[in-house]
Amino acid sequence: MKQTIYAHFCGGETLEESLKTVAKLGKYKVGTILDYGVEGKETDEDFDRGCDEFVRAIKFSANNPDIPFISLKVTGLAKFSILEKINDEKKLEEDELVEWNRVKGRMHRICKAAYDNGKSIMIDAEESWIQKPVDDLAEEMSRFYNKENAVVYNTIQLYRTDRLEFLIKSFDRAQSQNFLLAVKLVRGAYMEKERARAVKMNYQSPIQPDKKQCDIDYDQAVDFCLSRIENIAFCLASHNEKSNLRAANFLLEKNVPANHPHIMFSQLLGMSDHISFVLAHEGFNVSKYVPYGPVKDVVPYLMRRAQENTSVSGQMSRELSLLRKEIRRRKTLS
Ligand SMILES: Cc1cc2nc3c(=O)[nH]c(=O)nc-3n(C[C@H](O)[C@H](O)[C@H](O)COP(=O)(O)OP(=O)(O)OC[C@H]3O[C@@H](n4cnc5c(N)ncnc54)[C@H](O)[C@@H]3O)c2cc1C
């Protein structure tokens with residue numbers, strides 16, 4: 001795995017090992033979003049160790065302008081079961097309240113380190129049945145740290161039917177409570193799992209009925225942010241060429257500087273280089289998620305990438321055909 005899929009999608013097993021990738025991207029003006037890819041941990045010791053690693057990553061990148069962001073999953077800092085319980089609005093026991101306060105403490109430690117070192121944190125979105133406490137934590141941190149700059153970004157998954165409304169309400173709250181809303185807009189990575197659970201447990205699936213509706217909401221969310229660019233910071237996190245092109249054209253047409261500090265285009269390492277490098281070359285802010293961590297811990301991430309990239313009509317086959325075309329073009333030049 002290390003020689004193949006891991007080498008393609010990950011920076012390295014450690015921060016230090018990932019520096020080569022960071023520098024390589026930086027050479028082409030593509031920033032790095034450091035993604036400590038460890039998932040599925042369940043003990044307090046693991047979570048404290050994870051928290052230490054996030055803080056170490058922030059300090060490690062403090063003087064490196066090629067690393068503007070650190071990403072994290074709240075499931076790397078808290079038990080899945082406690083997130084599920086809060087999501088279901090169940091009352092926490094005394095010891096669970098203590099545990100939950102420890103989770104908040106970890107989040108504060110990480111966000112404060114980011115604030116002190118001029119970095120931003122991207123909080124990933126996960127399964128809908130734990131997302132409410134993740135959103136609430138992200139908002140609590142944003143209220144605290146996003147006074148002047150966008151330090152904390154929440155993630156909005158537009159494959160959910162209720163998320164466009166959620167974006168609008170989050171913005172209204174940020175405006176009335178005087179902090180800067182910062183969001184990463186994605187379509188969403190857990191579609192099959194979401195639908196399967198809804199069928200199994202017999203409730204209405206939270207996912208859009210089809211791709212078209214997902215794309216409509218994604219476009220509307222991007223437009224909502226673009227037209228409020230002075231008051232929302234956002235990251236367009238997508239491999240969809242049309243979505244990227246639409247936003248880039250919007251900036252050009254409205255004379256918004258391509259490197260406006262409130263917009264970032266992002267893709268994953270090993271995917272859609274034709275989008276990342278072309279946008280960066282044209283002066284837009286671009287960064288790529290660079291996951292790192294021990295091979296065995298990054299497996300769930302790699303499985304999601306494998307799933308995404310095996311569809312025949314998917315992005316990977318399109319990228320492969322673009323690469324072949326480019327090789328042919330270069331051959332005719334030489
Ligand atoms: C930088 C970055 C950060 C990311 N962070 C997160 C994160 O925090 N949380 C997260 O969940 N995902 C995250 N993702 C993954 C993302 O949600 C998508 O899974 C992935 O990027 C594919 O969507 P797309 O816009 O790139 O491409 P597209 O090919 O345009 O869209 C594919 C996506 O469309 C949606 N879709 C496909 N078919 C249907 C259908 N029939 N009905 C409804 N919807 C459909 C699914 O979400 C699918 O993944 C991230 C992606 C990037 C690039």
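Side chains are part of it too, since the values below use all heavy atoms of this structure and drop only hydrogens, waters and symmetry mates. On a predicted model such as this, the values are computed, not experimentally measured, just so you know. For ligands, and for the atoms within them, numbers begin at 1 and follow the listed sequence.
In this structure, OH in Y190 is found 12.5 Å from CZ in R160, a value given to the nearest 0.5 Å.
Ion pairing between R49 and E45 fails under the 4.0 Å rule for side-chain N and carboxylate O. Remark: R163 does not engage D217 in a salt bridge, criterion side-chain N to carboxylate O under 4.0 Å. Salt bridge E53/R56: present, at least one basic N to carboxylate O contact under 4.0 Å.
With a 6.0 Å cutoff to the six-membered ring centre and a 45° limit on the axis angle, K147 does not count as a cation-pi contact of Y145. Both tests pass for R187 against the ring of Y218: distance under 6.0 Å to the centre and angle within 45° of the axis. Cation-pi check for R228 over F224 is met; the charged atom lies under 6.0 angstrom from the ring centroid and within 45 degrees of its normal.
The closest approach between K184 and ligand 1 falls below 4.0 Å for a heavy atom of the residue.
If you look at R195 next to ligand 1, the close heavy atoms, those under 4.0 Å, all belong to the side chain. Only the side chain of T155 comes within 4.0 Å of ligand 1, counting heavy atoms alone; its backbone N, CA, C and O stay farther away. Using a 4.0 Å cut-off between heavy atoms, C214 contacts ligand 1 through its side chain alone, with no backbone atom that close. With a 4.0 Å cut-off on non-hydrogen atoms, M122 does not touch ligand 1 at all. The side chain of Q157, and not its backbone, has at least one atom closer than 4.0 Å to an atom of ligand 1 (non-hydrogen atoms only; side chain from C-beta on).
Ring pair Y36/Y292 is tilted by interplanar angle, where 30° to 60° counts as tilted.
The atoms of ligand 1 that sit less than 4.0 Å from any heavy atom of Q208 are 42 (N), 43 (C). Applying the 4.0 Å criterion to heavy atoms of Y190 picks out, from ligand 1, the atoms 11 (O). Taking every non-hydrogen atom of D124 and a distance limit under 4.0 Å, the qualifying atoms of ligand 1 come out as 8 (O). Listed by number with element, the atoms of ligand 1 under 4.0 angstrom from any heavy atom of Y289 are 1 (C), 3 (C).
Polar contact check, A237 against ligand 1: no nitrogen or oxygen pair lies under 3.5 Å apart. Residue contacts with ligand 1: S266 is placed with no nitrogen or oxygen under 3.5 Å of a nitrogen or oxygen of the ligand (distance criterion only). For ligand 1, none of its N or O atoms has an N or O atom of I207 under 3.5 Å away. Any N or O atom pair closer than 3.5 Å counts here, and Y159 shares no such pair with ligand 1. Checked against a 3.5 angstrom limit, the closest N/O atoms of N240 and ligand 1 fall inside it. Between A189 and ligand 1, at least one pair of N/O atoms sits closer than 3.5 Å. Distances between N or O atoms of R187 and those of ligand 1 include at least one value under 3.5 Å. For the pair S238 and ligand 1, the shortest N or O to N or O distance falls below 3.5 Å.
Grouping the Ile, Leu, Val, Met, Phe, Trp and Tyr side chains by contacts below 4.5 angstrom, directly or via other members, places L137 with L97.
With distances taken over non-hydrogen atoms, the option nearest atom 36 (N) of ligand 1 out of K242, K211, E241 is K211. Here atom 46 (C) of ligand 1 lies nearest to G188 when heavy atoms of C235, G188, S128, S287 are compared.
The only member of L34, D35, T155, I123 that meets side-chain contact (heavy atoms from CB on, under 4.5 Å) when paired with S71 is D35.
With hydrogens and angles disregarded, no donor-acceptor distance shorter than 3.5 Å links the side chain of Q213 to the backbone of P209.
In D162, the CG atom is crowded: over 12 heavy atoms of neighbouring residues, nucleotides or ligands sit closer than 6.0 Å.
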